[in-house]
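Residue numbers start from 1 in every chain, and the chains themselves are labelled A, B, ... in the order their sequence lines are given, proteins ahead of strands.
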Amino acid sequence: MLFYLIGGWIFTFKFSLEDAVKELRPQLCYQCMKCSSGCTAAKVVNNYRPHEIVALVKAGYSDELINSDVIWACSVCLKCVEYCPQRVSPFEVVMALRNESIARGRVPPKSFVEMAKSVLKVGHIQEPMYIMSKDFEEVSRMELGLPEMPKPKDFEKFKQHVLLVGFEKLKEVIRV
Amino acid sequence: MKFLLYLGCTTATKQYGYELSLRATLPLLGVELEHPKDMNCCGVPMKGISKFYPYYACARIMALAESQGLDIIAPCNGCHLNLTETIYKLKLNPLLMSAVNELLKEEGLKYTGKAMVYHPVEILHDKIGIEKITSSIKRKLPEIPVSSHPGCHLIRPTEFPRPETRDGPLKLDRLIEAIGLKARDYPEKYECCGAAILPYSPEAAIKTAAFRIKRALAVGSKAITSLCPYCIDMLDGKQDAAKTITGDQNISIPALYYTQLLGLALGLDEKELGMSLNMSPVEVLLEEVKV
Ligand code: SF4
Ligand code: SF4
């Protein structure tokens, strides 16, 4: 059940970098570097420069990026989306590279694996934690009188759908 | 006014001060909050895993709200962005809308585009209104300079409507002044807190937050306030780590939710507002606010 027939159209939830590149058109980039000038991640991560990422994709070196962890450094601040005079959206290019690396079975940095595992286990990126208060009390939702955190009711169905919309490959490689 | 409170992961799993202060303040201003029985993550941190997951996840959340005939309050900037983007994109793309609904059908759900999503800043500023807030507060807080940190996703992207714009004063700043405090601009106001860099490099993320805090101190702000659990997690919860990483021992400023400040003005007790859960020196501010 990987695609749906809707009104004569076939819709698949399969990601393709080729389609993404067609849509995002990095070839329009003229290397003005506006994106990198304001980039939150570029200020603190040495080798992360969105204009370089766009240039590499434009020149056909996507594989190098897909095999590198650096694409996971973006802080999702969306400043480059606003700044780019060519409407390239380096942010979306980076997300497309991340999606492609997952589709090819690469394992993302550990914290992303943990979050994905948790989504497949409880439907959220993490479970409620015990927090240390200033009076050195360990408190949870219950002690604070907060109602239980809701989960998807029909969890098996939910999980099946999450796998279908793009978690299948990741589940295979991280073995959950 | 009744809404479904969709907390999202960060608020519901660790930023309890936000949830406590929302639950304590909004009902006093005539907003009834319904707790959902079935919910999932909005998918914002999972966008890199699959661009389709957020569409399914958010449509599911909106469909659940629709089944109860309610609109949603999403207190997290990330959730609010993702939910708005999904509504916008599904409405533009009927094929995607029906594909997602094919999945939801199997769970007995359907999203038609009727249910809407609001951020607390919209509820407070647009639905409740400054006038009602000023008339409901028990006492005006002293004119202490406080910097607002709205957070990226309240302002960006401009492709679809966001709660705040940079043209003119922020709603959050008007809300700060409505309870007596002084809104003090600072150079990092429209910047990113760095939270999403945490999974890649905690050190890089904390450096980002440290920089924001230093600039707020430099303009003489006595506190930083926000309505985003990621921002407060970074600006409040990471001050000790920021001291260690940057070696700057002066990084110390009360950072708290606007709803906590509002609660104080409404005469609520600091405990009810979860203020013992803030990691930054909020007691310094409490002292000044009490007099
Ligand atoms: S969204 Fe990512 S790539 Fe774009 S400016 Fe922000 S951190 Fe840089
Ligand atoms: S802002 Fe746009 S056009 Fe300029 S370098 Fe970045 S991607 Fe290229």
Side-chain angles (χ1 to χ4, degrees), chain A residues 4 6-7 9 11 13 15 40-41 43-45 69 71-79 81-82 94-96 98-99 102 108-112 115-116 119 123-129 131 133-135 137 139 141 144 146-147 149-154 157-158 161-162 164-167 170, chain B residues 7 9-10 12-14 16 19-20 23 35-41 43-53 55-57 60 78 95-96 98-99 102-103 106-108 152-153 156-159 191-192 194-201 203-205 207-208 211 274 276-279 283:
Chain A
Y4 285 86
I6 298 147
W9 290 85
F11 189 93
F13 287 107
F15 175 79
T40 308
K43 294 200 171 95
V44 285
V45 178
D69 266 356
I71 50 171
W72 296 88
C74 164
S75 87
V76 197
C77 71
L78 308 183
K79 275 154 71 180
V81 181
E82 300 302 307
V94 168
M95 289 300 137
R98 286 186 186 184
N99 279 194
I102 296 295
K110 207 170 128 246
S111 302
F112 287 99
M115 289 192 266
V119 168
H124 302 280
I125 58 163
Q126 65 208 14
E127 292 183 69
M129 300 174 193
I131 297 292
S133 80
K134 280 233 174 87
D135 328 312
E137 261 180 293
V139 290
R141 294 186 62 85
L144 293 167
L146 295 171
M149 184 174 174
K151 287 178 192 169
K153 220 190 275 156
D154 185 348
K157 255 270 107 67
F158 170 78
H161 289 160
V162 173
L164 186 70
V165 295
F167 276 54
L170 184 65
Chain B
L7 290 165
C9 301
T10 310
T13 60
K14 57 179 181 178
Y16 304 132
E19 183 176 352
L20 286 168
R23 289 187 188 277
H35 187 64
K37 286 182 192 66
D38 175 346
M39 256 323 148
N40 55 275
C41 148
V44 97
M46 296 284 102
K47 212 175 175 167
I49 308 288
S50 160
K51 73 166 191 174
F52 296 114
Y53 172 62
Y55 293 139
Y56 162 68
R60 190 175 186 280
L95 188 61
L96 186 61
S98 11
E102 282 293 312
L103 301 181
E106 292 173 29
E107 298 179 65
C152 299
H153 303 153
R156 288 181 289 270
T158 44
E159 186 191 350
E191 291 287 342
C192 169
I197 312 179
L198 276 177
Y200 176 78
S201 160
E203 200 185 316
K207 267 191 202 155
T208 306
F211 193 68
S276 65
L277 301 173
N278 291 59
M279 305 301 289
E283 52 293 342

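Proximity to chain A is absent for every atom of B:Ser201, based on heavy atoms less than 4.5 angstrom apart. The parts of A:Pro150 that come within reach of chain B are both its backbone and its side chain, each placing non-hydrogen atoms under 4.5 angstrom from that chain. Both the backbone and the side chain of A:Lys79 come within contact range of chain B, each with at least one heavy atom under 4.5 Å from a heavy atom of that chain. Only the side chain of B:Glu283 comes within less than 4.5 Å of a heavy atom in chain A; its backbone stays farther off. Interface residue B:Lys51: backbone and side-chain heavy atoms are both found under 4.5 Å from chain A. Proximity to chain B (any heavy atom under 4.5 Å) is shown, for A:Val94, by neither the backbone nor the side chain. Proximity to chain B is limited to the side chain of A:Val119, based on heavy atoms less than 4.5 angstrom apart. For B:Tyr56, the part lying under 4.5 angstrom from a heavy atom of chain A is the side chain only. The contact between A:Pro152 and chain B is made by backbone and side chain atoms together, counting heavy-atom distances below 4.5 Å. Using a 4.5 Å cut-off between heavy atoms, B:Leu96 touches chain A through backbone and side chain atoms alike.
Remark: side-chain polar atoms of B:His153 are not paired, donor with acceptor, to backbone N or O of A:Leu78 under 3.5 angstrom. For B:Ser50 (side chain) and A:Val165 (main-chain N/O), a donor-acceptor pair under 3.5 Å exists by modelled atom type. Proximity of a side-chain donor or acceptor of B:Arg156 to a complementary backbone N or O of A:Glu82 within less than 3.5 Å is not detected.
Between chain A and the residues B:Met46, B:Lys207, B:Lys47, B:Glu191, the largest count of heavy-atom pairs under 4.5 Å involves B:Met46. Per-residue counts of heavy-atom pairs under 4.5 Å with chain B were compared for A:Lys43, A:Met95, A:His124, A:Arg98; the largest is that of A:His124. Counting heavy-atom pairs under 4.5 Å between each of B:Asn278, B:Leu277, B:Thr158 and chain A puts B:Thr158 at the top. Contacts with chain B were tallied for A:Asp135, A:Val139, A:Val76; A:Val76 has the most, counting heavy-atom pairs under 4.5 Å. The candidate with the highest count of non-hydrogen atom pairs below 4.5 Å against chain B, out of A:Leu170, A:Leu144, A:Val81, is A:Leu144. For the options A:Pro147, A:Pro109, A:Ala96, heavy-atom pairs under 4.5 Å to chain B are most numerous at A:Pro147. Among A:Ala116, A:Ser111, A:Pro128, A:Ser133, the residue with the largest count of heavy-atom pairs under 4.5 Å with chain B is A:Pro128. Chain B forms more heavy-atom pairs under 4.5 Å with one residue of A:Asn99, A:Ile102, A:Asp154, A:Val162 than with any other, namely A:Asn99. Most heavy-atom pairs under 4.5 Å with chain A: of the set B:Ala205, B:Gly194, B:Ala57, B:Ala196, this distinction falls to B:Ala196.
A salt bridge is absent between A:Lys157 and B:Glu107; no separation between the charged side-chain nitrogens and carboxylate oxygens falls under 4.0 Å.
Summarising the geometry of B:Pro199 relative to A:Met115, their closest heavy-atom pair is CG-CE, 3.9 Å, with the distance given to 0.1 Å. Taking both residues in full, the closest heavy atoms of A:Phe158 and A:Gly123 are given as CE2-CA, 3.7 Å, listed atom of the first, atom of the second, then distance. Closest non-hydrogen pair, A:Val45 versus B:Ala204, comes out as CG2-CB, 4.0 Å.
Within 6.0 Å of NZ on A:Lys134 lie more than 12 heavy atoms contributed by other residues, nucleotides or ligands. Within a 6.0 Å radius of CE in B:Met279, no more than 12 heavy atoms belonging to other residues, nucleotides or ligands are found. In the displayed structure, A:Lys153 atom NZ is contacted under 6.0 Å by at most 12 heavy atoms of other residues, nucleotides or ligands.
No donor-acceptor contact under 3.5 angstrom links the side chains of A:Glu127 and B:Thr13, judged on distance only.
Taking the centre of each ring, B:Tyr53 and A:Phe167 come in below the 6.0 Å mark.
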